Amino acid sequence: MILTKMQKIVLSYPKLKERISNRENPEKERQKALKNLDEIRAEFSPATIKTFQRFLDTTLPKLYDDINFDDSKSNIKELLKDKCVVLVPNHQSHADYLAINYIFYKTYKMPLYVAGGVNLDIFPIGKLFRKSGCFFIRRSFASDVTYKLTLEAYLYYLLKMGRPIEFFFEGGRSRTGKLLPPRYGLYGMLLDAHKALQEERNTPLVFVPVSIVHEYVPEQKSLAKELGGAKKKKESTGQLLGLFKLFAYQFGSIHVRLGKPVEVTDQLKEKGDDGEWLKKYTQDVAFKCFREVGRGMMVTPTSLLAMVLLDEPSGAMLWQDILTKAQAILNYCRKFDIPTTANLSEEHSSKSLERAMDILIGNGKVDVIGRESQSSLYYSIREESRQEILYFKNTILHHFLIPAIIGDAWINLFSGQITCVKDLKEFFLFQRRSLKYEFYLPTVKEFFFGTLTVVSDCIGRRVGSLEDLMELNHKELYSIASTVGLFNRALTYIMEAYYVAGLTLKELHTKNSEGFKIDAFNKRVKEIHEDERALGRLIRYPESFSLPLMKSALKYYTNSYTVENSMGTLKVTREEDFEEIVKRIEKNLNDLLTISIRAVKN
């Protein structure tokens, strides 16, 4: 059998070569590795990708307004001259594969070699993807050492040949819109593969974080259903044929932004054989990329409308009120360097927001109430669509955590609940802990620095410590409110979810003090959420129930050491501490209802 260049390079990878030679039947193991390679590898065809590009040139404009690409932070052409380049985007939609590869090929005239799940290797799209540069990976292969090493060897081949690689670091599409923590598997394999390459030649490895945001996600309805407990549908040819229905929808724009590259240090060559060091280094690299992607997540017209409209648990808003609040949020973004899409510049923002609203109305997510002739048009998100629209709010919510928490602190300062620096610090830390399982948060030091920065800007003078915060006069407190009051209710749906989870744990513990199953919790928590919403006392946001939110709430309670999770059986252990947490969340919700802060435009 005559081997191809790819096969020779893959089989020469030191770890795979050692694996094969040490097996009882080396030839059988070698054939297994080659079979694995056939299953994995891309079959790039220049003719196919050019034909595919022409097809997308015609098709994409029928679905999308445009694909905006910002590579100002990463000079890909320069990087590829003397470095191994790996793109690591977040993942919102199956359309990400097409959007990033299409714009990359159009811009640089070269393909990306993209790691895709084997679930997408289905007729007829699988063959097309493979010939466009996609290689396919099994969902699970921990027990198959030869498969893992073959995949690693293929990555080694791609790095050696100077091919740009791409993989979605979250490991799957985000169902909520929030960034998911990075999976370390491909990071680790790429670092191992690069270490082997460094033995041959000194070619640095750089990871390029990529932030991708959609104005409208094609699969968002099915994603929202999964949040309520519906099972994920397996990809099939029938599903793909169903994509033709999408031509009836409008999707606005896709925005792709390359972040600042993260370069692998020379320490990898020196310390890469130290397993513990390599594990920690892999995690550090992955989170550097993750944070850069988070910083690059742009505020879009749709996510901005979602922030404004979802602030109201029900009812409708006048267009002028929507615009006023949206412009105030944009002013905050410009002031604190939060990235926004180009179409949200001062001269274009109003028209862009109108276009985004037209898309939401056209896709049946927002109702228009009133008559245009009377200049009294109101806009309201349909209740059944709130979970879908929340997706877009969640893509940018991490940018506004600090002002949202400052807003909550303001209420407690003004009502006299916070009376000293100790109270203030403890309040901030409590709020930060409650968000730990929703977002990747800044460190405590970064959090306090960010808080002082925002407050200093609000009052027009430097505030250098928490002690200084306690010395603010009423006029300065109102100045803070005029800015951060915009975000006062941004996190309320999360607080509601944690409160409902607490009520559910309390009820089940009362009935079953020896413990109860997670399945019982999942069933009862939905019922209690519906009951509490019907009462209308504290729970007002329909979107405050979803399975991921309740899963995070459970993590919060178990990691506060008030609830024990033993093999799927839950038990409240420290009852007084548990009660204190639930009461505190209840009080925060009550405060938000009783004290209204009106955001004013600076």
Side-chain angles (χ1 to χ4, degrees), residues 56 60 63-70 87-104 112 114-117 119-120 129 134 166-183 208-227 232-233 235 239 243 246 249-259 289-307 310 339-341 356 359-360 363 365 385 387-399 438-440 543 546 548:
L56 293 176
L60 288 177
L63 292 170
Y64 296 97
D65 292 349
D66 46 37
I67 299 176
N68 299 310
F69 185 52
D70 178 3
L87 273 65
V88 282
N90 61 297
H91 197 9
Q92 294 190 342
S93 165
H94 286 318
D96 296 342
Y97 295 101
L98 294 177
I100 297 175
N101 288 27
Y102 171 73
I103 201 68
F104 190 91
L112 274 170
V114 188
N119 56 308
L120 293 178
F129 279 0
C134 187
E166 175 190 76
F167 72 91
F168 295 93
F169 68 84
E170 297 165 292
R173 291 169 296 160
S174 170
R175 266 60 182 169
T176 64
K178 299 170 191 168
L179 287 180
L180 302 174
R183 300 286 185 91
V208 178
V210 182
S211 306
I212 182 167
V213 288
H214 294 250
E215 290 283 2
Y216 195 90
V217 174
E219 314 95 303
Q220 69 180 56
K221 192 168 186 178
S222 62
L223 294 178
K225 286 180 180 178
E226 288 176 34
L227 295 181
K232 177 183 180 292
K233 290 184 178 179
E235 287 79 5
Q239 262 190 300
L243 293 177
L246 297 179
Y249 286 81
Q250 305 172 71
F251 298 119
S253 300
I254 301 175
H255 306 273
V256 181
R257 189 186 203 211
L258 304 188
C289 294
F290 173 85
R291 286 191 289 270
E292 182 65 14
V293 169
R295 281 190 287 268
M297 293 295 284
M298 290 170 281
V299 176
T300 69
T302 304
S303 60
L304 185 54
L305 286 178
M307 281 283 293
L310 287 173
T340 60
T341 54
I359 289 172
L360 293 176
N363 291 342
K365 309 304 172 186
S385 299
Q387 197 69 252
E388 295 178 50
I389 304 305
L390 179 64
Y391 185 99
F392 299 106
K393 173 182 171 177
N394 282 341
T395 65
I396 60 170
L397 190 50
H398 61 284
H399 290 306
E438 302 297 331
F439 307 95
Y440 186 75
E543 62 272 22
S546 73

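Quick caveat, the model's predicted, so the values are computed rather than measured.
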Can you tell me how far the CE atom of M298 sits from the CG atom of N68, to the nearest 0.5 Å?
8.0 Å

Answer yes if the side chains of E215 and S253 hold a donor-acceptor pair under 3.5 Å, and no otherwise.
no

Not counting sequence neighbours, which residues clear side-chain hydrogen bond (donor to acceptor under 3.5 Å, both in side chains) with H91? List them please.
D96

How many angstroms lie between atom OG of S211 and atom CG of L179, to the nearest 0.5 angstrom?
7.5 Å

T395 meets the side-chain hydrogen bond (donor to acceptor under 3.5 Å, both in side chains) criterion, sequence neighbours left out, with none

Between H399 (side chain) and P339 (backbone), is there a donor-acceptor pair under 3.5 Å?
no

Residue pair E170 / L180: nearest heavy atoms and the distance that separates them
OE2-N, 2.7 Å

Side chain proximity check, L120 to H94, heavy atoms < 4.5 angstrom
yes

Residues that N101 engages under side chain to side chain contact (heavy atoms under 4.5 Å, CB included), provided they are two or more places apart:
L112, V114, E166

Minimum heavy-atom separation for V217 to S93, with atom names?
CG1-CB, 3.9 Å

Centroid-centroid under 6.0 Å between F168 and Y97 rings:
yes

Please check if atom CZ in R183 has more than 12 non-hydrogen atoms from other residues, nucleotides or ligands closer than 6.0 Å.
no

Test item: H398 side-chain N/O and G294 main-chain N/O as donor-acceptor pair under 3.5 Å:
yes

Output for pair (L56 CG, Y64 OH), nearest 0.5 Å, gives 10.5 Å

Residues G259 and V208: closest non-hydrogen pair is O-CG1, 4.1 Å

With rounding to the nearest 0.5 angstrom, report the CD1 to CG distance, I100 to L87.
7.5 Å

Taking the side chain as C-beta and beyond, is there a heavy-atom pair between F290 and V88 under 4.5 Å?
no

Partners passing side chain to side chain contact (heavy atoms under 4.5 Å, CB included) against A99 (at least two apart in sequence or in another chain):
I67, I212, I254

Determine yes or no for a side-chain-to-main-chain donor-acceptor pair under 3.5 angstrom, with Q92 supplying the side chain and H214 the backbone.
yes

Just by modelled atom types, is the R173 backbone N or O under 3.5 Å from a matching donor or acceptor in the R175 side chain?
yes

Which residues pass the side-chain hydrogen bond (donor to acceptor under 3.5 Å, both in side chains) test with Q387, sequence neighbours left out?
none

Which atoms form the tightest heavy-atom contact between F169 and P89, and what is the distance?
CD2-O, 3.2 Å

Drop me the distance from E292's CD to M297's CE, to the nearest 0.5 angstrom.
12.5 Å

side-chain hydrogen bond (donor to acceptor under 3.5 Å, both in side chains) involving S546 - partner list, sequence neighbours excluded:
none

Can you list the steps and then say if V213 with F392 is a side-chain contact (heavy atoms from CB on, under 4.5 Å)?
CA-CA 9 Å; V213 288; F392 299 106; over 6 Å; no

Which distance, rounded to the nearest 0.5 Å, do you find between the CG of N90 and the SG of C289?
12.0 Å

Is there a donor-acceptor contact under 3.5 Å from the side chain of S385 to the main chain of E388?
no

Closest non-hydrogen atoms of I396 and L304, given as atom of the first, atom of the second and distance, are CD1-N, 4.4 Å

